[in-house]
> 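First the structure, then my questions, so here it is.
Given the structure is predicted, the values throughout are model-derived calculations rather than measurements. Numbers for residues simply follow the sequence, beginning at 1.
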Amino acid sequence: MSIPLRKSSNAREPESAPRIIKLPRHRLRSVASTLRSLHRLPCPPPLPTHLLTVVCISDTHCTHPPIPPGDLLLHAGDLSKWGTFSEIQAQLTWLSEQPHKYKVVIAGNHDLLLDPEFKEQHPERWREAAQAASDDKHIDYIDRPAAHLDWGNVIYLQDSSVTLLFHGDRSLRIYGSPLTPRYGLSL
């Protein structure tokens, strides 16, 4: 005589249909998904294929360091050691020769020629700079006004701004000011 075997209560029956598990707020997600499909937003514009490369330098003090390539070269002050005409003109000529589309200069505290108000208020400092520059055998000291500088293709910003146009109808607006905190001079 055979005894029928009972199935274990732990055994699972094969499922014929997928089970749907309903999580909290499933109706809200379903409605949101339906609305999103009905109201598709336009695709965002493609990213530019050419990135804008800005190269920033400062404190070159009459030196000509190697400069990486880029679209914009920004010199943020201290082109010169003493602020003389010949020093600043040499740096402007060097900057003009760089391959960047735009070259922008903002004066630093060493660039005395570009600050006539400071020259007027502190003539002793200008005389010291002029004497040091004339004693320096590497500097051809010429005392000319800033108006005689040949800026070439260099843009000078003094409390002003410029809008530059780049590839793909992109533009960049730059404001430049030589204003620096007071230091080294007593009031």
Side-chain angles (χ1 to χ4, degrees), residues 48-187:
T49 57
H50 178 77
L51 299 177
L52 183 64
T53 305
V54 179
V55 179
C56 298
I57 61 173
S58 70
D59 299 280
T60 52
H61 298 287
C62 297
T63 63
H64 299 160
I67 299 177
D71 299 301
L72 168 62
L73 173 58
L74 177 62
H75 194 296
D78 289 354
L79 294 159
S80 62
K81 291 180 192 175
W82 304 106
T84 66
F85 180 90
S86 60
E87 286 179 315
I88 292 174
Q89 185 58 68
Q91 290 300 92
L92 292 176
T93 302
W94 170 67
L95 288 171
S96 286
E97 294 168 353
Q98 300 307 309
H100 306 77
K101 182 174 182 176
Y102 296 106
K103 284 78 100 170
V104 176
V105 167
I106 302 161
N109 65 314
H110 282 245
D111 304 322
L112 297 179
L113 181 70
L114 302 176
D115 190 353
E117 186 178 306
F118 182 86
K119 282 175 58 178
E120 194 173 298
Q121 290 175 357
H122 303 280
E124 73 289 350
R125 173 96 186 267
W126 181 246
R127 279 193 300 275
E128 290 170 12
Q131 181 61 46
S134 63
D135 290 345
D136 190 337
K137 305 219 183 318
H138 301 299
I139 298 173
D140 178 24
Y141 177 69
I142 302 170
D143 189 18
R144 287 197 213 155
H148 292 158
L149 288 169
D150 178 7
W151 289 88
N153 60 3
V154 174
I155 300 166
Y156 177 58
L157 297 179
Q158 180 171 340
D159 303 319
S160 59
S161 65
V162 65
T163 300
L164 307 174
L165 302 175
F166 294 94
H167 317 286
D169 296 327
R170 290 184 294 164
S171 64
L172 180 64
R173 186 172 184 87
I174 300 174
Y175 175 82
S177 174
L179 184 63
T180 56
R182 180 179 282 246
Y183 65 93
L185 297 173
S186 59
L187 295 173

> Just to verify, what does P65 make a side-chain contact (heavy atoms from CB on, under 4.5 Å) with, not counting sequence neighbours?
T60, T63, W94
> Who passes side-chain contact (heavy atoms from CB on, under 4.5 Å) against S160, sequence neighbours left out?
L157
> Between atom CD1 of I106 and atom NE2 of H75, what is the distance when rounded to the nearest 0.5 Å?
10.5 Å
> Rounded to the nearest 0.5 Å, what separation is found between the CG atom of L74 and the CG atom of L172?
9.5 Å
> Could you tell me whether the side chain of D111 reaches within less than 4.5 Å of the side chain of N109, counting heavy atoms only?
no
> Let me confirm one number: the CD1-CD1 distance from I174 to I155, rounded to the nearest 0.5 Å.
7.5 Å
> Could you tell me which non-hydrogen atom of A107 sits nearest to which non-hydrogen atom of P178, and how far apart they are?
O-CB, 3.4 Å
> What distance do L72 atom CG and T53 atom OG1 have between them, rounded to the nearest 0.5 Å?
10.0 Å
> Looking only at non-hydrogen atoms, find the nearest pair between L165 and S171 and report the distance.
CD2-CB, 3.7 Å
> At what distance, to the nearest 0.5 angstrom, does CZ of F85 lie from CG of L92?
9.0 Å
> Check side-chain contact (heavy atoms from CB on, under 4.5 Å) between H167 and all other residues, then give those that pass, not counting sequence neighbours.
H50, D71, R170
> Take V154 and Y156 through the side chain to side chain contact (heavy atoms under 4.5 Å, CB included) test and state the conclusion after the steps.
CA-CA 6 Å; V154 174; Y156 177 58; 5.7 Å; no
> Only counting residues at least two apart or in another chain, list the ones meeting side-chain hydrogen bond (donor to acceptor under 3.5 Å, both in side chains) with S161.
R173
> As an exercise, state the distance from OG of S80 to CG of L114, rounded to the nearest 0.5 Å.
7.5 Å
> Which residues pass the side-chain hydrogen bond (donor to acceptor under 3.5 Å, both in side chains) test with S177, not counting sequence neighbours?
D159
> Checking side-chain polar atoms at under 3.5 Å, does H64 have a donor or acceptor matched by the opposite partner on Q91?
yes
> List for me each residue that meets side-chain hydrogen bond (donor to acceptor under 3.5 Å, both in side chains) alongside T93, sequence neighbours excluded, and say none if there are none.
Q89
> Would L149 and L113 satisfy side chain to side chain contact (heavy atoms under 4.5 Å, CB included), going step by step from the backbone distance to the final call?
CA-CA 10 Å; L149 288 169; L113 181 70; 4.0 Å; yes
> Report the C-alpha separation of L73 and V104 in whole Å, then their side-chain angles, then the decisive distance to 0.1 Å, and conclude whether the side chain to side chain contact (heavy atoms under 4.5 Å, CB included) test is met.
CA-CA 6 Å; L73 173 58; V104 176; over 6 Å; no
> With sequence neighbours excluded, give me every side-chain hydrogen bond (donor to acceptor under 3.5 Å, both in side chains) pair touching residues 96-107.
S96-N153
> What do the steps show when you test W82 against E87 for side chain to side chain contact (heavy atoms under 4.5 Å, CB included), and what is the final call?
CA-CA 8 Å; W82 304 106; E87 286 179 315; 3.4 Å; yes
> Under 3.5 Å, is there a donor-acceptor pair between the side chain of D78 and the main chain of S58?
no
